[in-house]
Structure formats: structure tokens, C-alpha cells
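Read the structure below first, then the notes.
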Amino acid sequence: MNGGREAKVAGARIAGLVSCLPREQVDNAGFAERFGQAAVDEVVKMIGVQSRRRVAPGATTRDLCRAAGARLLEGLGWPLDSVDAVIFVSQTPDYRLPASACALQADLALPPGCIAFDVNLGCSGYPYGLWLAQGMVAGGAARRVLLAVGDTVSRIVDPQDRATAMLFGDAGTVTAIEADPDGEAYFILGSDGRGAANLIVPEGGFRAHVAGADPRLDGRDPAALYMDGGEIFNFTLRSVPPLVARTFEHAGVPPEEHDAYLFHQANLFMLKHLAKKSKLPPEKVPFNIDRYGNTSSASIPLLMTTDLAEALRGGARRLAMFGFGVGYSWASASLSVGPLPICETIEA
Amino acid sequence: MSKFYEGMAEIFEVDPSRITPEFALDSAEAQWDSLALVSTIALVDDCYNVMLDGSALAACTTIADIEALIAQAAKG
């Protein structure tokens, strides 16, 4: 398989980030009532999720990102008119149109005339978004960019589908990116749409869902998220270990010179296998899927504010990031981050 | 005892001495369910650096069947 495009972006850096979690915590007890204790134990053994957060009815990813963005701007002390762009990376936008980024621009009182657009990506969304935002700064289109990344997958799962209902959690994050002559980041970005049907919400866009076209969807609500876990697992095992190796090579920075390897929090069993397969020391592979579930596009920045906040506030850390999944789509990054004046998790 | 047999014993939560080529994957003591399948794919990847096809693996009924699949995949 062609492993993706290599890109280097010079001239930008991460200036700070804030994650926002919904207050409602959902543990596994309720699922045991619904699916039976034995079934829950079996799923949990694989995915490793003990608890996840869920937005209140009616709340959206944009709401989480609005709260995170407001806190971030306050913490950085950036004048609002110094922000030239806002990008919203999500698969759970407010509307089919307009773009949620436009709404966020107004929510955060950013200046009219600000660049604003949405990007529809999930598991690979954070490194993809960083590449885009840093590229905009390096190319001179913007001095400062807010990169909002998050999902509220709880809004699209079928509560009776244990494979997805127990796995996913909600979170929204905003990362601030600004010009820095010393900033340097290395990315690998790719996609393989042959896997599109393996992780999909079949209905809700403009293409009519044809009942019976895919037997795996028989008897399911086409407006709910469908995941073929086995296929996703195979894709991940095949594509991520080579991506990890190539990322270090492309950056010219050996694995041991990285302070942490941040994997998209897909499921715990898979994460442990990927780390082992790539021969990465487990103490440098943080995970928070036990506490927050698979938070889709938000999982990597959420890891930074939950498990690395102190380290990133304290000094420069070399990070490697690996996002992979829905699309199929994947992206990786190797860059130095910190010291950050603000790197924190809030609740809303 | 090979690392593969040890891993299979762990997946099925049986005593390692139980795992032989004739061991039945779907029986009173073992369940050849989706969890066992993905765990086996990961284990085989670990032990032999070989990726098994999910549907071919699901069709296996004994440990010997899996070993045949591994040998075939390693050649291919």
C-alpha cells in the first residue's frame, strides 16, 4: 500500500490548547443492565473503556469547542483581532450547512473577515488539522489560527449496538497555532477510500441509502454509526506500524528522541498491540481511553491536556502523533511542542 | 511450549497443556468469537509477523487449521 504523502512545514508552532469534556459521566453499570454483565465484560476486555463522557441532549461539538476556545483565548491573552482563521475538524457538525467554523467565528467574537471552514475527518483529524493550520501560517495566509477538533459520537450511535455504544465518548478541543521562525513539523498524510463502508453513517448526507445494498446493514438504523470492527482492526494492524516507522524516518528524529507517542485512542487492546509491534516503550505511550472512551478526532489533543499537561506546560517536548481510522484516512506528525502557557482540560 | 500455544491458551483462558493441534476452537471450553478472532490475528502477527485474513481464520475449527493458515500466509 502507498503509505501517504510526506510534508514538512516550517514557520509555525502550537501556542496552547484546551480540551472541553461534557460533565455527564457514563460508566459501565448501565450497559450491564442493557446487555448483561458477561457481554459487557467481554467488550470491556477488548476496548478497555471504563467510563466515557456524554453531551446533554441538544448539545453539540460546537458547544464544547466554543467553551474550549473561549478559555484558550483568555489563557493566551491573544487580542481577538490577531486571529485570522478558525478551522473546525469534526464529523458531528451542527448543520449540513453552514459550516460550524463560521458559527464558531461568531461564537468566539473573532473578527469578521476571518478565514473559516470545516473539515470532515475523524480519527486522523488532529494531525491532518495541524498540517493544514500550520501550513496556513507558514504560507502567510494567517498569523494565528484556532484549530477546533472534536466529536460527539454519542449523538450518532445506536444505544442497542454494544460495539459502538460502549466504545465512544464525546470531547471538543481547540489548539492555537501561530507563526514561529523556529517551528518545524513533519507530517505523513494518506487515505484509502476502499474502506469507506467499514465505518460509516449510511444515511443523512445527500446520497440515498439503498436498503439491502450492504447485507451487513440489514436490520440496522441507517442513520446510526456502523462499524465493522474486524475490518478496522485489520486495516490498523496493516497500516499503522509502517506509518510509525516512516514518521521517525521522515522527521529524521529517532524514536528514542521522542518524549511521547500519541496514538489515536481506538481501543485499548489495539493500542497495546501497536505499541508492542512498533517496539515503543509502554511508559511513553499514554492512554486515556479507560476514562474517556474513543473520542474520535479529539483523542490526541485530549491526551495532551489530560496526560501530558504538566510536561507540556513545563518545557519543550518532542511528540509523535498517529491518527488512523474512518475513511480510511490516516495522518502522523512529529514535532516539538511547549512550553505552553495554557494546556488544560475543562468541563462544560 | 511455543509462544503461539501459550498465547492461544491465554485467549481461551485454558491451561496451556490443553493446547494441542487437535484442540477444538469452538467447544464447551473455548469460544471462537469475534474477540478470540482479533486476539488471534494480533497474536499471530506478534509471533510470526504474518497477517491472517479474518474470514479464513473464522473458518478454522482446530489449532492445526490455524497453523496451516500461518504456513500458507508466510509463503504467500
Side-chain angles (χ1 to χ4, degrees), chain A residues 1 3 35-49 161-164 166-167 194-195 197-199 215-216 226-245 263 266-280 282 294 325 328, chain B residues 1-16 18-19 23-61 63 65-76:
Chain A
M1 190 200 296
F35 304 124
Q37 189 65 49
V40 168
D41 289 348
E42 192 186 328
V43 174
V44 170
K45 190 177 161 192
M46 165 67 59
I47 64 178
V49 183
D161 178 15
R162 59 181 189 175
T164 53
M166 293 180 62
L167 177 62
R194 287 173 298 181
N198 295 329
L199 188 48
R216 296 176 300 177
Y226 168 74
M227 178 175 75
D228 187 328
E231 288 290 341
I232 298 292
F233 187 79
N234 257 321
F235 153 71
T236 304
L237 288 196
R238 266 182 231 282
S239 54
V240 176
L243 177 68
V244 171
F263 285 86
N267 85 46
L268 189 61
F269 176 82
M270 194 142 86
L271 277 175
K272 287 187 168 166
H273 182 75
L274 289 174
K276 193 168 151 196
K277 177 94 182 153
S278 296
K279 299 188 172 59
L280 302 175
N294 173 338
Y328 300 142
Chain B
M1 177 63 59
S2 73
K3 190 176 154 198
F4 172 59
Y5 277 28
E6 272 171 34
M8 291 310 295
E10 216 170 286
I11 289 169
F12 291 126
E13 292 172 355
V14 298
D15 192 85
R18 292 283 305 121
I19 304 291
F23 184 84
L25 303 175
D26 222 346
S27 66
E29 63 180 326
Q31 272 165 5
W32 198 221
D33 56 14
S34 59
L35 181 65
L37 278 170
V38 292
S39 305
T40 304
I41 290 176
L43 175 70
V44 170
D45 183 32
D46 249 8
C47 296
Y48 303 104
N49 216 17
V50 155
M51 281 290 298
L52 295 181
D53 176 67
S55 48
L57 185 62
C60 292
T61 59
I63 293 285
D65 291 345
I66 303 177
E67 290 179 308
L69 212 57
I70 295 167
Q72 202 184 338
K75 254 188 278 167

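Chain A is the first sequence line, chain B the second, and so forth, proteins listed ahead of strands; every chain is numbered from 1.
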>> For B:Leu37, which atoms come within 4.5 Å of any heavy atom of chain A: side chain, backbone, both, or neither?
In response: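 No part of it gets close to chain A.
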Closest non-hydrogen atom pair between [X] and [Y], with its separation:
{"X": "A:His273", "Y": "B:Ala42", "value": "CE1-O, 3.0 Å"}
{"X": "A:Asn234", "Y": "B:Leu52", "value": "OD1-O, 3.9 Å"}
{"X": "A:Phe233", "Y": "B:Val38", "value": "CE2-O, 3.5 Å"}

> Near A:Glu42 CD, under 6.0 Å, is it more than 12 heavy atoms from other residues, nucleotides or ligands?
Replying inline: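 Counting other residues, nucleotides and ligands, CD of A:Glu42 exceeds 12 neighbours.
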>> Just checking B:Glu10: does its CD atom have more than 12 heavy atoms from other residues, nucleotides or ligands closer to it than 6.0 angstrom?
In response: no
>> Using a 4.5 angstrom heavy-atom cutoff, name the option from B:Asp46, B:Ile41, B:Asp53 with the most pairs to chain A.
In response: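 Maximum pair count with chain A is reached by B:Asp46.
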> When rounded to the nearest 0.5 angstrom, what distance separates NZ in A:Lys45 from CD in B:Glu13?
Replying inline: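 Output value for this atom pair is 4.0 Å.
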> So do the side chains of A:Lys277 and B:Asn49 get within less than 4.5 Å of each other, counting heavy atoms only?
Replying inline: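 When only atoms from C-beta onward are counted, B:Asn49 and A:Lys277 do touch, with a gap below 4.5 Å.
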